Amino acid sequence: MADYIAELDEMQNIAAVWIKEKSARGPSVFDPKKHIFDANRPSGYFGAPREKIMNWIADTQEQNRLLR
């Protein structure tokens with residue numbers, strides 16, 4: 001199980017999403033080059049609604065795909 005933690009800016013928009021894997025010592029910023037997001041996997045979502053976090057991750061993955 002992974003926990004996704006939204007970091008919000010002063011306008012309450014998501015600036016970053018941190019991921020904390022169960023086996024990790026601490027959280028790290030979600031990086032589509034290092035992390036795989038699976039919406040079907042049980043996860044916790046904190047700091048923002050699940051849908052907003054999932055949209056931020058999807059946008060980040062798309063940006064990464066376009067840069068390749």
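Values in this document were obtained by computation on a predicted structure and should not be read as measured data. Just so you know, residue 1 is the first one in the sequence shown, and it goes up from there.
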*Asks:* Keeping to residues at least two apart or across chains, list the side chain to side chain donor-acceptor pair (under 3.5 Å) pairs with something in residues 41-56.
*Replies:*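 For residues 41-56: Glu21-Arg41.
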*Asks:* Can you see which heavy atom on Ile19 is nearest to which on His35, and at what distance?
*Replies:*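 Looking at all heavy atoms of both residues, the shortest contact is CG2-NE2, 3.5 Å.
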*Asks:* Tabulate below the donor-acceptor pairs under 3.5 Å that side-chain atoms of residues 1-14 make, not counting sequence neighbours, or state none.
*Replies:*
residue	atom	partner	partner atom	Å
Glu7	OE1	Trp18	NE1	2.7
Asp9	OD1	Met11	N	2.9
Asp9	OD1	Gln12	N	3.1
Asp9	OD1	Asn13	N	2.9

*Asks:* Evaluate whether atom CD1 of Ile36 has more than 12 neighbouring non-hydrogen atoms of other residues, nucleotides or ligands under 6.0 angstrom away.
*Replies:*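 No, because the 6.0 Å sphere around CD1 of Ile36 holds 12 heavy atoms or fewer from other groups.
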*Asks:* Nearest 0.5 Å, what's the OG-NZ distance between Ser28 and Lys34?
*Replies:*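 One finds 7.0 Å between OG of Ser28 and NZ of Lys34.
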*Asks:* Hey, quick one: are Met54 and Phe46 part of the same hydrophobic cluster, counting side-chain heavy atoms closer than 4.5 Å, chains of contacts allowed?
*Replies:*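 They do not share one cluster, since no chain of ILVMFWY contacts under 4.5 Å joins Met54 to Phe46.
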*Asks:* The criterion is side chain to side chain contact (heavy atoms under 4.5 Å, CB included); which residues satisfy it with Gln61, sequence neighbours excluded?
*Replies:*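 Checked Gln61 against side chain to side chain contact (heavy atoms under 4.5 Å, CB included); matches are Phe30, Pro32, Phe37, Ile57.
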